[in-house]
Amino acid sequence: MYTVLVVVQVILALGIIALVFLQQGKGAEAGAAFGSGASGTVFGSRGSANFLSRATAISAALFFAVSLSLAYLVSQRHESSSVVDRVQQPLPADEAEPAVIPEPEPETTEDIPE
């Protein structure tokens, strides 16, 4: 379920990016008065703006819903993913090895030439 929601979220994010890039900015109306208008497009002169705005709003709402669902799923996991929690947990008795510290050799003066 988690993987499916992540895939859906990535697809929605790419869709929102594409929809935002397809929309015309506020200054695009000035260019339409000089012959570069969109009256011959599939959606008509104002239909594309309404369609793209609605599609962007619906995609954003779905994106937020999927984000909340993912946050809920992650919060319900019981396994510890924090490094600090892993370090603080003691090792089981069979895995714990006692530390062996070698004793230092006594210093002798025999090796020093006079």
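What you see is a predicted model; the values in this text were computed from it and never measured.
Of all heavy-atom pairs spanning Phe63 and Leu12, the tightest one is N-CD1, 3.7 Å. Contact record, Ser69 with Leu5: CB-CD1, 4.0 Å, taken as the closest heavy-atom pair. Scanning both residues, Gln23 and Thr56, for their nearest heavy atoms gives NE2-OG1, 2.7 Å.
Note that CD1 of Ile11 and OG of Ser59 are 11.5 Å apart. Values are rounded to the nearest 0.5 Å. Here the CD atom belonging to Gln9 is positioned 5.0 Å from the CG atom belonging to Leu70, to the nearest 0.5 angstrom. Of the inter-residue distances, the one linking Thr3 atom OG1 with Met1 atom CE reads 10.5 Å to the nearest 0.5 angstrom.
By the criterion of side-chain heavy atoms lying less than 4.5 angstrom apart, applied directly or through intervening Ile, Leu, Val, Met, Phe, Trp or Tyr residues, Val66 is grouped together with Leu73 in one hydrophobic cluster. Hydrophobic clustering (side-chain heavy atoms under 4.5 Å, transitive across Ile, Leu, Val, Met, Phe, Trp, Tyr) keeps Val7 apart from Tyr2. No continuous path of ILVMFWY side-chain contacts below 4.5 Å connects Leu19 to Ile17, so the two sit in separate hydrophobic clusters. The hydrophobic cluster containing Leu68 does not contain Ile58, counting ILVMFWY residues as joined when their side-chain heavy atoms lie under 4.5 angstrom apart, directly or transitively.
Checked by atom type and distance alone, the side chain of Ser53 never pairs as donor or acceptor with a backbone atom of Asn50 at under 3.5 Å.
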